[in-house]
Amino acid sequence: MRCAIYVRVSTDKEEQKTSLENQKAMFLQYVAERGWNIHDFYVDVQTGTKSKKRQNFQRLIADAKAKKFDIIMAKELSRLARNGKLSYEILEIVQRNNLHIITMDNAVDTTIGNISNYGLWAWVYETESSNTSRRLKAMFKTNALKGIFKGSIPPLGYRVENGKLYVRDDPTSDIVRLIFRKYLKGQGFDAIARDLNDEGIPTPSQIAKKNNCSDTWQGSSVRLILTNQNYTGDLVQGKSTTKSVTLDCRNYMDPKDFIIVPNTHEAIISRSEFETVQKLIASRYRKKPQPEIHLFTNTAYCADCGRGMHYKKNSKGYVCGNYNKPGKNGKKKCSDHLVREADLTIAIIKDIQMLSSNLSNETIYKKLEKQLQKINQQNTKQTSSIESDIEKLKTRKRKARDKNLDGGMTDEEYSEYVIDINQRLNDLANQKCKLEESLKHNKDTLAFTELKQLLDESLSFKELTPEILHRLIDRIEIKADGSPRIFYRFSNPSAYSLLLTINAQHSTCTVCGNISTGVTSTILNPPSSSIRRSRAKVEGLHDT
């Protein structure tokens with residue numbers, strides 16, 4: 001048996017490097033005991049929620065499709081993927097090429113048929129990633145409310161130092177003023193972009209020295225500068241947030257929900273000039289007619305190109321938005337991915353019925369209770385570590401005070417040092433607060449009763465309404481053969497909790513993220529013949 005060993009850590013810190021070596025040693029011993037051979041080690045230092053940035057993971061998948069080995073081995077399923085969709089794509093590749101997967105925690109071993117809980121662990125690890133994401137978002141929001149710039153690249157014309165914006169000592173701020181003057185004279189976004197290109201003015205990405213930066217100004221870049229309120233001296237953040245740790249797309253917030261801290265830095269554009277430009281932009285905006293909304297509009301997407309599905313009256317169903325483009329260009333970009341609306345509706349109702357039935361399985365409770373205990377132990381350990389770090393920083397602060405009093409540190413040095421220590425203490429206190437809140441809300445049992453009640457309530461309706469659809473389902477991906485992958489909205493509100501709580505008084509789930517709990521291979525549970533004939537195969541959380 002030729003074994004492909006996949007090893008992944010999230011960062012390149014020293015302790016993570018030790019983890020890499022430990023994982024390799026464990027695999028060497030396991031393979032030697034069975035008399036197997038190691039084809040290759042595939043090592044990545046990257047997050048597990050997305051696969052595109054993991055070069056060796058991509059190489060692993062390519063080698064799997066080429067059948068260069070017989071088994072994929074990993075410490076646990078989360079090393080391969082912390083993304084439900086990606087987990088099932090790996091399983092599909094493995095099954096299609098007659099390969100196997102073995103994890104060292106004994107959760108998955110296809111050589112002995114141990115795969116029944118694959119969907120469960122895919123969901124658990126994605127949930128953990130979502131919890132971490134929510135904790136980081138809370139920390140970013142706290143810093144934003146303090147007026148600390150949290151972006152990696154400041155707006156054109158500014159530099160960032162210790163979380164504060166300063167006007168750069170170069171012509172970049174003049175570029176911003178030039179763009180505003182041109183727009184006030186009556187030029188449009190594209191016309192301004194052409195002028196900037198003709199004058200040889202470097203683009204924002206060139207000035208920021210981004211990798212693969214563009215050397216051409218676009219109208220969209222001009223618009224972003226003209227609508228950026230940061231140029232008035234106000235710090236505006238929280239304009240968008242990631243939809244999910246698993247999706248490369250963002251939710252753009254309503255302007256009333258932006259985090260705005262006034263007068264945090266020097267203005268490049270006066271408020272009156274900025275407001276005048278905003279009124280001009282609004283007056284020049286031409287509204288396009290809104291398309292007719294159908295049941296699965298903005299919910300169904302093409303699984304291959306990611307474009308939204310378009311409803312076609314003559315087919316009474318949906319086709320890929322790229323394929324539906326006028327002329328021959330659309331057909332070159334993607335295939336139709338046709339699925340009938342009636343068939344998709346039936347498939348979803350059957351999937352909900354199957355999910356509701358499977359939630360009665362007592363083994364799920366035991367599995368998730370064990371995982372919950374593990375997470376609680378990790379949170380408790382992390383809380384103790386934070387408390388220890390806080391005490392160390394307080395000790396250093398006292399020593400600095402004594403050193404300042406003894407004349408060993410100037411007042412300016414002492415002031416800068418204390419500001420830094422206080423900021424770190426504040427960050428640690430916020431982290432501790434989040435962990436303690438999570439531990440307070442976590443319980444010893446999982447609230448599957450409420451979840452099952454929600455599913456049963458949905459099944460009591462005679463038809464799939466938009467309310468039920470959006471209450472239960474976040475996203476549906478339609479594959480080339482018309483079969484759907486269903487991503488449910490089931491998630492947990494506590495930062496480290498696996499509880500599924502549903503607020504029955506509202507029309508939507510109490511969602512703090514988008515967790516794909518229902519994507520599994522049709523090989524595990526084939527669809528009925530009527531659905532198969534219509535190419536709308538049922539895919540859902542069948543085995544768990």
Side-chain angles (χ1 to χ4, degrees), residues 2-4 6 8 42 48-52 54 56-74 76-103 107-126 246-248 300-306 320 334-335 337 339 344 347-348 351 354-355 358 475-488 515-527 531-532 535-544:
R2 300 165 300 168
C3 303
Y6 185 74
R8 181 186 65 79
Y42 299 77
T49 54
K50 300 177 180 70
S51 61
K52 292 181 181 179
R54 290 190 278 158
N56 281 312
F57 176 81
Q58 296 293 344
R59 184 168 65 89
L60 173 75
I61 295 301
D63 289 351
K65 292 178 179 178
K67 300 182 180 181
K68 292 185 178 181
F69 48 75
D70 305 299
I71 298 176
I72 295 176
M73 299 181 68
E76 56 188 24
L77 187 59
S78 66
R79 297 298 93 192
L80 287 167
R82 284 186 172 272
N83 173 334
K85 176 185 175 183
L86 179 59
S87 297
Y88 283 103
E89 287 176 352
I90 294 169
L91 180 61
E92 190 174 342
I93 290 168
V94 166
Q95 291 175 330
R96 186 177 296 163
N97 293 280
N98 296 318
L99 306 178
H100 291 284
I101 298 178
I102 295 178
T103 61
V108 179
D109 187 347
T110 60
T111 63
I112 59 174
N114 180 11
I115 197 174
S116 60
N117 290 318
Y118 190 93
L120 169 68
W121 292 113
W123 171 74
V124 166
Y125 290 128
E126 183 171 325
T246 65
L247 300 176
D248 289 320
Y301 296 85
C302 175
D304 292 329
C305 70
C320 169
C334 203
S335 60
H337 290 64
V339 59
L344 184 55
I348 289 172
D351 202 52
M354 182 67 73
L355 179 59
N358 285 329
R475 179 184 178 93
I476 302 169
E477 292 184 353
I478 308 300
K479 297 199 288 186
D481 64 352
S483 60
R485 284 197 185 106
I486 303 170
F487 291 78
Y488 290 97
I515 305 303
S516 56
T517 64
V519 189
T520 194
S521 171
T522 54
I523 296 171
L524 299 180
N525 204 321
I531 299 299
R532 189 185 300 112
R535 304 197 307 166
K537 300 177 183 177
V538 181
E539 292 196 358
L541 195 59
H542 295 160
D543 281 14
T544 56

Examine distances only and state if a side-chain atom of N97 and a backbone atom of I93 form a donor-acceptor pair shorter than 3.5 Å. yes
Nearest 0.5 Å, what's the [atom1]-[atom2] distance between [X] and [Y]?
| X | Y | atom1 | atom2 | answer |
| --- | --- | --- | --- | --- |
| L99 | D63 | CG | CG | 11.0 Å |
| I102 | T110 | CD1 | OG1 | 6.5 Å |
| T111 | H100 | OG1 | NE2 | 6.5 Å |
| I486 | D351 | CD1 | CG | 3.5 Å |
| I478 | C302 | CD1 | SG | 9.0 Å |

What verdict does the side-chain hydrogen bond (donor to acceptor under 3.5 Å, both in side chains) test give for Y6 and N56, after you've listed the backbone C-alpha separation in whole Å, the side-chain angles of each residue and the deciding distance to 0.1 Å? CA-CA 9 Å; Y6 185 74; N56 281 312; over 6 Å; no
Will you find, in the side chains of H337 and D304, an N or O donor that is under 3.5 Å from an N or O acceptor? yes
Student check: side-chain heavy atoms of T103 and D109 closer than 4.5 Å: no
Decide yes or no for L344 and P484: does some side-chain heavy atom of the first lie under 4.5 Å from some side-chain heavy atom of the second? yes
Mind listing the closest non-hydrogen atom pair of [X] and [Y] along with its distance?
| X | Y | result |
| --- | --- | --- |
| A4 | Y42 | CB-CE1, 3.7 Å |
| G482 | V339 | O-CG2, 3.6 Å |
| S335 | C320 | O-CB, 3.4 Å |

Any salt bridge between R475 and E477, counting N to O under 4.0 Å? yes
Under-4.0 Å salt bridge between K479 and E89: no
